Structure formats: C-alpha cells, structure tokens
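Here's the structure, in structure tokens; my notes come after.
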Amino acid sequence: MKPYTSYETDYYQWIQETVENLRNRNFSEVDWENLIEEIESMGKS
C-alpha cells in the first residue's frame, strides 16, 4: 500500500494520484478527507 502524496506539499501530484486511483477504482488509496474538502470548496465558489 503506497501512501498518498501530501495534499499540502504537492497539490498537482496529489490531484494526479487521486484521479488515477479513482479511475482504477483503488478506493482504499484515495485521500478521502482532502478530496471531500476540495469538492465542498468547489461548491462554495
């Protein structure tokens, strides 16, 4: 199990890894806390 890239230190890489994990249905590898936070903030924009 590979730890995900830190959301705070490399946002672009975090996005790439998140998208890859979602596409491959590797749901246990997704950084859900930060992904949910991002989606919530998009809705407030």
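Being a predicted model, the structure only gives us computed values, none of them experimental.
- Using a 4.5 Å heavy-atom threshold, the side chains of Asn21 and Asp31 count as separate.
- Between the side chains of Glu17 and Gln13, at least one donor N or O lies within less than 3.5 Å of an accepting N or O.
- Every side-chain hydrogen bond (donor to acceptor under 3.5 Å, both in side chains) that Glu38 has, sequence neighbours left out, goes to Tyr7, Tyr11.
- Counting non-hydrogen atoms of other residues, nucleotides and ligands closer than 6.0 Å to OH of Tyr12 gives a total of 12 or fewer.
- Proximity of Asn26 to Val30: side-chain heavy atoms (C-beta onward) are nowhere separated by under 4.5 Å.
- Grouping the Ile, Leu, Val, Met, Phe, Trp and Tyr side chains by contacts below 4.5 angstrom, directly or via other members, places Met42 apart from Ile15.
- With rounding to the nearest 0.5 Å, the separation of CD in Gln16 from CG in Asp10 is 9.5 Å.
- Residues Trp14 and Asn34 bring no donor and acceptor atom of their side chains to less than 3.5 Å of each other.
- Here Thr18 contributes atom OG1 and Leu22 contributes atom CG; the two are 6.5 Å apart, rounded to the nearest 0.5 Å.
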